[in-house]
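Letters A, B, ... mirror the listed sequences (proteins, then strands); counts begin at 1.
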There are 4 protein chains.
Amino acid sequence: MRLDNVVGSLPGKVSRMPESSSQPSRPRSGSRRDEAARLAVLHAADDLLVEHGFGALTIEAIARRAGVAKQTIYRWWPSKVEILLDTLIEDSDKRLPVPAGKPTAESIRDYLRGFARFLTGDPAGKVLLALIAQAQHDPGTAESFHQRYLRPRRDQERDLLARAVDAGEISPRLDPDATIDALVGPLVYCALTGAGIPGDLVDTLVEDLLMPRPR
Amino acid sequence: MRLDNVVGSLPGKVSRMPESSSQPSRPRSGSRRDEAARLAVLHAADDLLVEHGFGALTIEAIARRAGVAKQTIYRWWPSKVEILLDTLIEDSDKRLPVPAGKPTAESIRDYLRGFARFLTGDPAGKVLLALIAQAQHDPGTAESFHQRYLRPRRDQERDLLARAVDAGEISPRLDPDATIDALVGPLVYCALTGAGIPGDLVDTLVEDLLMPRPR
Amino acid sequence: MRLDNVVGSLPGKVSRMPESSSQPSRPRSGSRRDEAARLAVLHAADDLLVEHGFGALTIEAIARRAGVAKQTIYRWWPSKVEILLDTLIEDSDKRLPVPAGKPTAESIRDYLRGFARFLTGDPAGKVLLALIAQAQHDPGTAESFHQRYLRPRRDQERDLLARAVDAGEISPRLDPDATIDALVGPLVYCALTGAGIPGDLVDTLVEDLLMPRPR
Amino acid sequence: MRLDNVVGSLPGKVSRMPESSSQPSRPRSGSRRDEAARLAVLHAADDLLVEHGFGALTIEAIARRAGVAKQTIYRWWPSKVEILLDTLIEDSDKRLPVPAGKPTAESIRDYLRGFARFLTGDPAGKVLLALIAQAQHDPGTAESFHQRYLRPRRDQERDLLARAVDAGEISPRLDPDATIDALVGPLVYCALTGAGIPGDLVDTLVEDLLMPRPR
DNA sequence: GCTTAATCGAGACGGTACGTCCCGTCTTAGT
DNA sequence: ACTAAGACGGGACGTACCGTCTCGATTAAGC
């Protein structure tokens, strides 16, 4: 089973309101969900992660910071991981869309460069790394993370590569998924190990893995 | 700052008794450290991680399982991460030494294949992934993990590559550290995302990244 | 300050609709109070108390059981204690009226026997005991319980005794309030401690405390 | 089933350390129970009850006030009721022992006067009333309260009365338990309803219920 | 053989966070 | 206007571990 995937998303509206569970079955009466509270929670979680790390990211701390009751969090999110997923999905859809349209070797290179920048420079990159990490510790996180983030992006990336191959822009020697792993893996690994991502890494990977070998 | 590194270690004895803290000076009298307790703790930690995941890996659970008092653990290890590091170092020194001697393209390929097997098939591979993960959540873990595991292996791997280049066996287009990241990163990333490692991934990576490009 | 009192009430209509809060003036327009909802709440409270005890008597449980919104309860009753008071007043007016008319030693004895039965056999007896109990825990309950239940009954009981003394039927040696306490106290105490009320207790109390001592 | 009882206890040592559960099975090693913490909890509970009422008596408040961790309370007491029982038993053994030795009508009268004072003037009296109340709300409390407090005192009181009857000091017309209920009930009832206990109540009860009727 | 000191098991301790329940207030839609 | 529905900020519940501590019992080197 192949269920990972890392980047992209059609720039169009995908999920303006990323409710963790599908839809809350539209209540016929009663108060509706408080959008301000929802945003306060997302931002509080994001801020706490960036400022104090995943260790300080407790439900109580999020509630405190967001000025929200604990129960309000438990009402809408089954775990802090889903909160982070909500922010990650919103942010990476916004700031790191998988290129649509006619692909070129250049647009793929740009996308990977953007991904490298996202990982090392964007607060949402920290969220991505934290989720990759937490997925190692907890099967529930792994499942959710794959379903809601990795798989959808991987689908778009695979499609991107296929179209580029069709257009004769690239000719990878590995199958599409393995190719993506070979391109994205080094970037993620560098980020995970705290090392920076060398400037020529993306270029060389694209050159060596995607470009036709002369002979 | 470059502080990652993933595999190897001279097969020779490096640390038969991996005391996390330096050495307990010289015990002028009284009982010495109980080796049975030490091993019980290491095995309990390993078993718990493999059987129930990192979430169930609490000091109390380790003590319970090892039949040891909590204080006995705190006396010798500053955190559960150091326990895992002890087991990881022992195991990967034993089962995944960085090849010494005259390197060939073939021996590098074998080492990477062994690494892939280690990640996906060996219990110690789970420990490695758990530590990579925990390093994202806690700076102390990151520091220790790099100092005691990643850095030493990376030094040996860098040396291995340099000798292979000198021998004309390989001609990578990236600098040594980036080359290792590009080779190891995809394997780790596949393991982290729960996907298997495709059979031809190592071969193709070696071929595309280390072999001279014809022209 | 003397504010207790335990039984009776003129059999005539005293409060068909015991609105805890005064009365909602005159409803100038819109729906009037839903009598069905009011009764549903009273019965739900009563049932829950009898079936699962005071501990399970939460506003949310009452609302759930009555099929009524929480707010509907809060609109009409300031607390669950007032709900119980409403049921208690209705029930004890109905099933345990303080005898009116010309009193005899016999009618007083009957009233006390009825009270004993009320305490041990009637669901409303459980309500009375629960309110006595809750009055120990909460001053607001104590105040309301005395004002709305104990004081009015005590007034009637005191009057009953006075008329009986005037008629030469009894000649207690204590002042009226103390006499009532001496008669009612043992019954309540037996009920509170879970012991049954011995069959001859009422008779002997009446004989020893109300009848003239021979000498 | 008769299980109530209210006052007394041989003046001799009965339970210097009223551990809720019998004995903690003498731990062969490890820290022993912290007596200071035990006392801090008992006093905090007592103080909170007297100062702010049973409603404010939460485990968290007790822990806060006693400067103790919540878990330390849960380790030794199954509920706040048992804490109150511990204080009540210690206090009433100390300040309201059931008279031993040769009983006279006078010593019984004194004991009842002491009981009246205990109920209305002693902080421990508030504890007793609170426990009587809580026993109405919770069967577990009722059970514990009867087993640990009411039953033992009732046994001593019954014995006291029996000895007094044998000595020809009194000649009650009710059986021993009912006699005690008839004497103690009015006092407790007055205390429960917040009324004071009239000065001549005890005297008249003793005179009318225990003294031989002339004729 | 006796002293001395470090280790061991056990586990109590002050804490923090967990996830749940209910409080009493409020807002929304429907009748 | 009143209802059912239910979200909201709050706070206590009882549990699990945290890392520190104290207690005897055991063990082995040095006297």
Side-chain angles (χ1 to χ4, degrees), chain A residues 24 27-34 36-38 56-64 66-76 78-80, chain B residues 24-34 36-37 56-64 66-76 78-80, chain C residues 24 27-34 36-37 56-64 66-76 78-80, chain D residues 24 27-34 36-38 56-64 66-76 78-80:
Chain A
R28 278 117 54 112
S29 74
S31 306
R32 291 320 177 267
R33 179 170 187 177
D34 182 340
R38 192 189 132 255
L57 193 72
T58 67
I59 297 282
E60 303 221 321
I62 296 171
R64 216 145 41 218
V68 140
K70 237 186 341 170
Q71 189 56 48
T72 296
I73 298 183
Y74 284 111
R75 194 173 357 257
W76 298 106
S79 74
K80 61 187 173 189
Chain B
S25 305
R26 58 270 128 97
R28 299 198 297 218
S29 80
S31 310
R32 291 320 172 271
R33 180 171 188 177
D34 182 342
L57 194 72
T58 68
I59 295 283
E60 304 223 323
I62 297 172
R64 214 147 41 219
V68 140
K70 246 192 330 174
Q71 189 53 45
T72 298
I73 298 182
Y74 282 110
R75 194 174 356 257
W76 299 105
S79 76
K80 63 186 172 189
Chain C
R28 300 197 296 216
S29 78
S31 312
R32 290 322 167 272
R33 179 171 188 179
D34 183 341
L57 194 71
T58 68
I59 296 282
E60 304 223 323
I62 297 172
R64 212 146 44 219
V68 140
K70 250 196 320 178
Q71 189 54 45
T72 299
I73 298 182
Y74 282 111
R75 195 174 354 259
W76 297 105
S79 75
K80 62 186 172 189
Chain D
R28 279 120 52 116
S29 74
S31 305
R32 289 325 174 267
R33 179 170 187 177
D34 183 339
R38 191 188 133 256
L57 193 71
T58 67
I59 297 282
E60 303 221 320
I62 296 171
R64 215 146 42 219
V68 140
K70 237 186 341 170
Q71 189 55 47
T72 296
I73 298 183
Y74 284 109
R75 193 171 2 252
W76 297 107
S79 75
K80 61 188 172 188

Please confirm whether any donor atom in the side chain of [X] sits under 3.5 Å from an acceptor in the base of [N], or the reverse.
X: A:Gln71; N: F:dC8; result: no
X: A:Ser31; N: E:dT27; result: yes
X: C:Lys70; N: F:dG6; result: no

task: Map A:Arg64 and C:Lys80 onto DNA chain E by nearest heavy atom, then report which one ends up closer to the 5' terminus.
output: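 Here A:Arg64 is the residue nearer the 5' end.
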
- prompt: Between D:Ala66 and C:Tyr74, which has a closest nucleotide on DNA chain E that is more 5'?
  reply: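 Between the two, 5'-proximity favours D:Ala66.
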
Using whole Å, report how far [atom1] of [X] lies from [atom2] of [N].
X: B:Ile59; N: F:dC18; atom1: CD1; atom2: P; value: 6 Å
X: A:Ile73; N: F:dG9; atom1: CD1; atom2: P; value: 9 Å
X: D:Ile62; N: E:dG14; atom1: CD1; atom2: C1'; value: 17 Å
X: C:Leu57; N: E:dC21; atom1: CG; atom2: P; value: 18 Å

query: For the side chain of D:Thr72, counting heavy atoms from C-beta on, which of F:dA4, E:dG14, F:dG19 is nearest?
result: E:dG14

B:Glu60 side chain, from C-beta outward: closest of E:dG15, E:dG9, F:dC18: F:dC18

query: What is the distance from atom CD1 of C:Ile73 to atom NZ of C:Lys80, rounded to the nearest 0.5 Å?
result: 11.5 Å

message: Rounded at 0.5 Å granularity, tell me how far CG in B:Asp34 sits from CZ in B:Arg75.
response: 10.5 Å

So does [X] get a side-chain nitrogen or oxygen closer than 4.0 Å to the phosphate oxygens (OP1/OP2) of [N]?
X: B:Arg32; N: E:dT7; answer: no
X: A:Arg75; N: F:dC8; answer: yes
X: A:Trp76; N: F:dC8; answer: yes

message: How close do B:Ala56 and B:Ala61 get, counting heavy atoms only, and between which atoms?
response: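 Looks like O-CB, 3.7 Å.
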
- request: Quick one: closest heavy-atom pair of D:Ala63 and D:Ala69, and the distance?
  value: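 Taking every non-hydrogen atom into account, CB-C, 4.3 Å.
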
query: Which residue, D:Ala61 or A:Ala69, contacts DNA chain F at a nucleotide closer to its 5' end, judged by nearest heavy atom?
result: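 Looking at the nearest nucleotide for each, A:Ala69 comes out on the 5' side.
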
message: Within the structure provided, determine whether A:Arg38 and A:Trp76 are in side-chain contact (heavy-atom separation under 4.5 Å).
response: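 No, side chains not in contact.
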
